[in-house]
Amino acid sequence: MTLRHVTVEGRLDLSGMEIPFPLRFLDCVFDAPVTLDGAALYRLTLDGCRLPGLLANGLHVRRDLDLSRSRISGAHRTAASTSRAAAVWLCESEIGGRLLCVDTVIDSGGDRAVQADRMRVGGTVRLLHDFEAHGELRLLGVHIQGSLDLTGARLRRPDHGLALNLADATIGGSLFLVDTQEGRRASIDGCLNLGSARIAGQILVRNATLAPGDPLEPGRGYSSRRIGTAAISASGLFVGGDINIEGACRITGGVDLSLGDLGKLSVAKDCVLDAPGGRALDLTNAQLRSTLLLEEGTRVRGTLRLSGATVRGSLVLRDTEWREPADRSIIEAQAAVITGDVDLRGLTATGGQLQFRSASLGSGLNAAGARLENPGGRTLNLQQAYVKSSVLICEGFVSSGAVRLNRCTIEGRLDGEDAVLTCFGGHALEAISATVRGGLYLGWREVSPSVDLTGVSTSLLVDRPENWPARFVISGLTYERFDTAGSRRPGAPWDWRARCEWLGRQAAFDPGPYEQAARVFRQHGYTTEAENILIRQRRDARRATTRTPPGASVRARTRSRARSWLDGLYGLTVGYGYRPGRALWLVLVLLAVTGAALSTPPVQATMRATDARGNVYSPQGRLVTVDAAASGTAAGAREAGPTGDYATPAGDRPRMDPCGEGQVRCFSPVFYAVDTVVPLVSLEQRSTWYPDEHRPLGALVSVFLHLATLLGWLLSTVVALSFARLARTPQP
């Protein structure tokens, strides 16, 4: 039955009726609401009609329900709701075909435009082209076998509350919120609620505008306070396909996809996510079966929250722009699991940090060329994170804030080549107890004011020692090899002087880094260079430990100076024990000095020797004879002594005989010096000849020889130990 251009006066009430044929009302006017509660119709068309309401709870339509081009206004209460009124009621209704609302306008005057809780539609719901709804579309728990198409639709909620409520809905197809071919943009002025909904297909939002909703008043209705605070509130949403936000979309107020189970999520480059001071995109504890992609050029005001989320693909934020986050966090990915790459190349972030604390990254994190500005705070936080590949903060990476890598594990390398790291009030780079298996590539361009690599373990240290900051902490830093960033000169990494200058710039003296550097030099065959580093360690330790604080007593300063001088002498003589061969030269010098002194006539004049009879000799001959020669005996005759031995009487003028006329061992300045200075051997010079302390200079010569003996013992022992050390098998 078809009625065209008919004016129906009074109420058209078909409640409970069963009509087996199609009903078609074309361009008709009704002055009262059409009532269809519990009716069973074959097909119903209200095309181009004007009616003050449609009350159709429990309606059964075998085929399509078509409300295209109609104007429905008014607000009516029914038994389906005790709190709100609506212009169209379709609760518990069943539509076997499609629900068509092409160019339809529904105006509830500020209340709900449509309330269709638990409605079941066998086909597609199409709210198309010039469709407008002034008031909430409540489709709570609906079952739609086909898709929900909102092409060009405009939903307006005067109080900025819920504009479209699809909580607990089940959609067998897809959800489309796109523009028309004529360029009419779809828009939702209020909140789109998809909480716990299930969509088997995809969600496509293209060239749409979604405005934020306002928080609901406490105790209003049955809705959660969380609903209405974001442009899209979809906690617990399941989407079998992808979520694509394309074209020049503008979404203000944020998108809440927490606890969701989604496919790929992508946002096109011309889109704007605008939630200043809030969460622009919330994926807390969500599951993404593919990649999260924000295309190059996307601008975001707000925070991307991924705490506890699992992304079974990559996180791609290349060349995106972020600012005005919530809680000073641009990205909150604490304890997140991302199985693919984290691509942050060229990203610009202002006012917050990129936080991946305790996150697990199945591949690497690439922030090459990124510019992160968060003065006084952190810019990149990977504390306790696990990164299966490399972390790249290189190629012009700029951080105005602190980069934190404490206790993280990086299976690849940490690359800071050509980076600029600055921070105010702390370390520009802090990686306490971090593990970097692929090596530290620290060829940064500038770092200020300091770096803390305490307890870092790595395999390779690649850097430019001169480019390190003025102060840094590397206590416990362990590595297996050096290399120089950007250097092609063979052997350039093994410049021990440059390494010593580098180690000397530590914020506080620590001998451990010197030991580590020396061990690496030694392992690669640079034994002498390793010892030079250890010598510098002792020298720097002396300077650090003998430095007296201001206001110290005179006694303390004197002791400090004495220790400093002794330690300096120790270093000068034997290189703090690492250059014992220097003692050999000192022995030779001492030998030369002693031999030269013994060769001078004044010193020789003090030397004496005594034989078994007690006769005294000088290097020039005998001076004292115990048994004088008998008178009248010819010169040179021999007389028997009391024991039967004979002695040659001394003449009036002693002969110049250095051997004491054959009665004692000859005096030799050279051998005497050797016997004095090198006590490890005995030439019987020191045991034969001794200085006469009663002679002029005798006491002084005696003291000199005793000192030469003591120094000789000390230096000879050091020389012997040095040769024993050289004979040992080098340890790896």
Side-chain angles (χ1 to χ4, degrees), residues 1-15 19 21-37 39 41-76 78 85-91 93-116 119 121 123-139 142 144 148-157 163-164 180 182 184 186-187:
M1 183 181 72
T2 301
L3 297 176
R4 187 187 300 271
H5 301 294
V6 173
T7 299
V8 180
E9 297 181 355
R11 180 182 293 271
L12 174 61
D13 190 349
L14 301 178
S15 300
I19 301 176
F21 50 83
L23 291 179
R24 301 180 65 213
F25 297 90
L26 306 178
D27 300 318
C28 296
V29 178
F30 298 84
D31 64 357
V34 175
T35 304
L36 301 172
D37 291 340
L41 309 178
Y42 181 79
R43 180 173 180 171
L44 176 63
T45 300
L46 293 168
D47 189 349
C49 298
R50 296 179 178 273
L51 58 158
L54 178 62
L55 312 180
N57 293 323
L59 172 67
H60 290 256
V61 180
R62 185 176 175 182
R63 300 294 297 273
D64 296 341
L65 173 59
D66 188 355
L67 303 178
S68 298
R69 299 189 304 111
S70 293
R71 302 291 186 270
I72 305 174
S73 60
H76 309 278
T78 68
V88 177
W89 289 87
L90 289 170
C91 293
S93 60
E94 293 187 11
I95 301 171
R98 300 169 296 170
L99 173 59
L100 303 176
C101 294
V102 180
D103 299 332
T104 303
V105 177
I106 303 175
D107 188 356
S108 65
D111 233 311
R112 288 174 179 159
V114 176
Q115 182 158 342
M119 176 179 66
V121 180
T124 299
V125 176
R126 309 189 71 190
L127 313 178
L128 305 178
H129 298 166
D130 290 332
F131 175 86
E132 291 186 13
H134 299 269
E136 177 188 352
L137 293 184
R138 178 177 164 122
L139 305 178
V142 299
I144 301 173
L148 174 59
D149 193 347
L150 297 169
T151 300
R154 293 181 177 176
L155 312 181
R156 294 182 174 86
R157 178 70 186 264
L164 176 57
T180 65
E182 293 78 18
R184 175 185 166 94
S187 65

| Does CZ in Arg71 sit with more than 12 non-hydrogen atoms of other residues, nucleotides or ligands closer than 6.0 Å? |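 Atom CZ in Arg71 is crowded, with more than 12 foreign heavy atoms closer than 6.0 Å.
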Heavy-atom distance under 4.5 Å between the side chains of [X] and [Y], does that happen here?
X	Y	value
Phe131	Ile106	yes
Val8	Leu3	no
Val142	Val125	no
Leu46	Ile72	no

Rounded to the nearest 0.5 Å, how far apart are [atom1] of [X] and [atom2] of [Y]?
X	Y	atom1	atom2	value
Leu155	His134	CG	NE2	10.0 Å
Leu90	Gln115	CG	CD	10.0 Å
Asp31	Thr7	CG	OG1	8.5 Å
Ser68	Leu128	OG	CG	8.0 Å
Leu41	Arg62	CG	CZ	12.5 Å

[X] and [Y]: which non-hydrogen atoms are nearest, and at how many Å?
X	Y	value
Asn57	Cys91	OD1-N, 2.9 Å
Arg98	Ile95	O-CG2, 3.6 Å
Ala116	Leu139	CB-CD2, 3.7 Å
Ala113	Ala133	CB-CB, 4.2 Å
His76	Pro33	CE1-CG, 3.3 Å
Ser108	Ala75	O-CB, 3.5 Å

| task | Just do the side chain to side chain donor-acceptor pair (under 3.5 Å) check on Thr45 and Asp47 with the steps written out, would you? | result | CA-CA 6 Å; Thr45 300; Asp47 189 349; over 6 Å; no
Do any N or O atoms from the side chain of [X] and from the backbone of [Y] form a donor-acceptor pair under 3.5 angstrom?
X	Y	answer
Trp89	Asp37	no
Thr2	Phe25	no
Asp107	Ser73	no
Ser70	Cys49	yes
Asp27	His5	no

| task | Going by the side chain to side chain contact (heavy atoms under 4.5 Å, CB included) test, name the single residue among Ile19, Leu55, Leu54 that passes it with Leu36. | result | Leu54
| remark: Which of Leu44, Leu99, Leu100 passes side chain to side chain contact (heavy atoms under 4.5 Å, CB included) with Asp66? It is Leu100
| field | Sequence neighbours excluded - salt bridge (Lys or Arg N to Asp or Glu O under 4.0 Å) pairs with any residue from residues 128-137 | value | Arg112-Glu136, Asp130-Arg184, Glu132-Arg156, Glu132-Arg184, Glu136-Arg157
| said: Taking Asp103 first and then Arg69, would you say they form a salt bridge - that is, a charged N and a carboxylate O separated by under 4.0 Å? | reply: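 Between Arg69 and Asp103 there is no salt bridge, as every charged N stays at least 4.0 Å from the carboxylate O atoms.
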